[in-house]
Number of protein chains: 2
Amino acid sequence: MLELAILGSLAEGPLHGYELRRRVERLSGHTRPVSDGSLYPAINRLVKRGLLSRHSEPGAAATRRHVLTLNDAGREHLLERLRDPAPHEITDSSRFFTVLAFLSLLPDTAGQHAVLRRRLEFLETPASFFYEDERPLRAEEVEDPYRRGMLLTARAVNRAEVAWLREVLDGGPDGPGGSGS
Amino acid sequence: MLELAILGSLAEGPLHGYELRRRVERLSGHTRPVSDGSLYPAINRLVKRGLLSRHSEPGAAATRRHVLTLNDAGREHLLERLRDPAPHEITDSSRFFTVLAFLSLLPDTAGQHAVLRRRLEFLETPASFFYEDERPLRAEEVEDPYRRGMLLTARAVNRAEVAWLREVLDGGPDGPGGSGS
DNA sequence: ACTAACATGTAATCTGTTACATGATTGA
DNA sequence: TCAATCATGTAACAGATTACATGTTAGT
């Protein structure tokens with residue numbers, strides 16, 4: 001996931017590691033710090049795979065900087081990942097949000113909407129959080145007050161995201177269905 | 001985090017691994033599968049640390065079962081973790097929800113509310129998601145439609161959880177402040 | 001002199017995933 | 001007989017964290 005965030009952040013322009021870290025942290029609202037020990041090895045993996053180019057530059061205020069550029073192979077790889085996210089990138093909210101942050105990079109609205117539809121479908125699937133033994137769980141039947149809170153919060157989250165997705169997909173100002181699938 | 005979920009699930013009664021997996025998966029609304037490769041090693045770590053006791057039992061329909069029991073040391077460890085969660089267990093929603101699922105195990109309302117207050121304080125802290133360069137980010141100024149969606153969804157989530165926390169902490173039917181701190 | 005921000009890395013360790021490996025019972 | 005469910009584990013690998021390690025520049 002860090003790798004996707006790195007590739008996406010570099011799609012907007014070259015950055016060096018230190019600045020890249022800030023961009024990636026901003027994606028999570030600065031709630032998930034990115035450590036040196038995960039950032040630099042991730043960068044090196046991407047360079048080794050030929051997705052990023054690295055060239056040195058005299059540091060602005062300190063040691064030499066390594067400016068990272070997303071090359072053609074990297075851009076292609078990024079677009080493929082965005083176009084066809086893995087199941088857990090649809091299912092896990094924090095991963096999905098990383099995909100969403102860069103979804104505009106896909107050149108066609110149809111491709112963007114296809115991803116949003118997968119998320120919507122997941123959110124509307126019975127059998128997850130709100131379901132217990134094949135039937136919907138009602139807040140009143142959860143005796144534990146904190147588990148009730150989990151349920152209420154999860155419902156609110158679900159409703160808000162579903163409403164937004166529906167609006168974008170067929171109620172938005174661009175007209176229903178976007179470019180279609 | 002898996003370990004906390006295991007300890008918490010066993011606090012309600014002894015279980016064998018296979019059943020335990022289902023309980024743990026239920027906590028995430030069945031959106032995060034727990035693999036054998038994470039479950040059994042985690043159980044073994046907890047047994048090795050002396051937090052769980054394991055005794056064999058003839059399997060109901062298959063191989064022998066290993067019934068796991070949370071022992072005194074395990075219960076004590078669990079209560080300590082619930083009473084004083086690590087920073088990222090307050091900050092990271094999915095981790096916080098795991099804590100929340102078992103928070104009722106803390107014997108005093110004051111201790112429970114202290115944890116909820118930490119979460120509330122975090123959610124109300126400016127400088128996270130909604131903030132950019134020291135000032136609140138407004139949805140209208142986010143040009144990217146998907147990033148705008150992230151912001152709107154995140155706000156809705158935040159509002160719902162803050163409302164629930166405030167209600168529990170000082171507007172709930174138990175009266176303001178619980179047992180106080 | 002010291003601290004913060006800039007700047008990049010490695011090593012040990014932890015936690016998790018996927019794939020591999022085994023084996024019994026129940027129902028179609 | 002074949003698939004599903006029950007039941008438990010290991011091995012290889014991936015990814016992240018913390019701590020360690022180094023070095024500059026700017027401000028107090």
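- OP1 or OP2 of C:dT15 lies within a sub-4.0 Å distance of a side-chain N or O belonging to B:Arg45.
- For the pair A:Glu25 CD and C:dA5 P, the computed distance is 13 Å after rounding to whole Å.
- The interatomic distance linking B:Arg32 (CZ) with C:dT15 (P) rounds to 17 Å, in whole Å.
- Listed candidates were C:dT17, D:dT17, D:dC6. Nearest to the side chain of B:Tyr18 is D:dC6.
- Counting only heavy atoms from C-beta outward, the side chains of B:Glu12 and B:Arg23 approach each other to under 4.5 Å.
- Nearest nucleotide to the side chain of B:Pro41, out of D:dT10, D:dT8, C:dC6: D:dT10.
- Under a cut-off of 6.0 angstrom, the local environment of CD in A:Glu121 is sparse, with at most 12 non-hydrogen atoms contributed by other residues, nucleotides or ligands.
- Side-chain contact between A:Phe97 and B:Thr153: present, with at least one pair of heavy atoms (C-beta onward) separated by less than 4.5 Å.
- Residue contacts for B:Leu39: at a heavy-atom cut-off of 4.0 Å it reaches no nucleic acid atom on any strand shown.
- Close to C:dG9, at under 4.0 Å from its OP1 or OP2, lies a side-chain N or O of A:Arg54.
- An OP1 or OP2 oxygen of C:dA24 is reached within less than 4.0 angstrom by no side-chain nitrogen or oxygen of B:Arg64.
- B:Glu89 places its CD atom 11 Å from the P atom of C:dT15, with the value rounded to the nearest Å.
- When the nucleotides C:dT10, D:dG9, D:dA7 are ranked by their closest atom to the side chain of A:Asn44, C:dT10 comes out on top.
- In this structure the side chain of A:Pro33 never reaches within 4.5 angstrom of the side chain of B:His88, judged on heavy atoms.
- Using a 4.0 Å cut-off, some side-chain N or O of A:His16 falls inside it from OP1 or OP2 of C:dA7.
- Rounded to whole angstrom, the span from the CG atom of A:Asp92 across to the C1' atom of D:dA16 amounts to 15 Å.
- Neither OP1 nor OP2 of D:dA16 sits under 4.0 Å from any side-chain N or O of A:Ser35.
- Side-chain nitrogen and oxygen atoms of B:His88 include none within less than 4.0 Å of the OP1 or OP2 phosphate oxygen of D:dT17.
- Of the candidate nucleotides D:dG15, D:dT17, C:dG9, C:dG9 has the atom nearest to the side chain of A:Asp36.
- Residue B:His66 contributes atom NE2, which lies 7 Å from atom P of D:dT8 at whole-angstrom precision.
- Under 3.5 Å, the side chains of B:Arg118 and B:Thr91 contain no donor-acceptor pair of N or O atoms.
- For the pair B:Asp92 and B:Arg95, the salt-bridge criterion is met [side-chain N within less than 4.0 Å of a carboxylate O].
- Rounded to whole Å, the distance from CD on B:Glu3 to P on C:dT13 is 17 Å.
- A:His55 has its NE2 atom 12 Å from the P atom of C:dT8, to the nearest Å.
- Counting any heavy atom pair closer than 4.0 Å across all strands shown, B:Gly17 reaches sugar-phosphate atoms only and no base atom.
- One can place OH of A:Tyr40 at 4 Å from P of C:dT8, the figure rounded to the nearest angstrom.
- Under 4.0 angstrom from either OP1 or OP2 of C:dT17 there lies at least one side-chain N or O belonging to B:Ser38.
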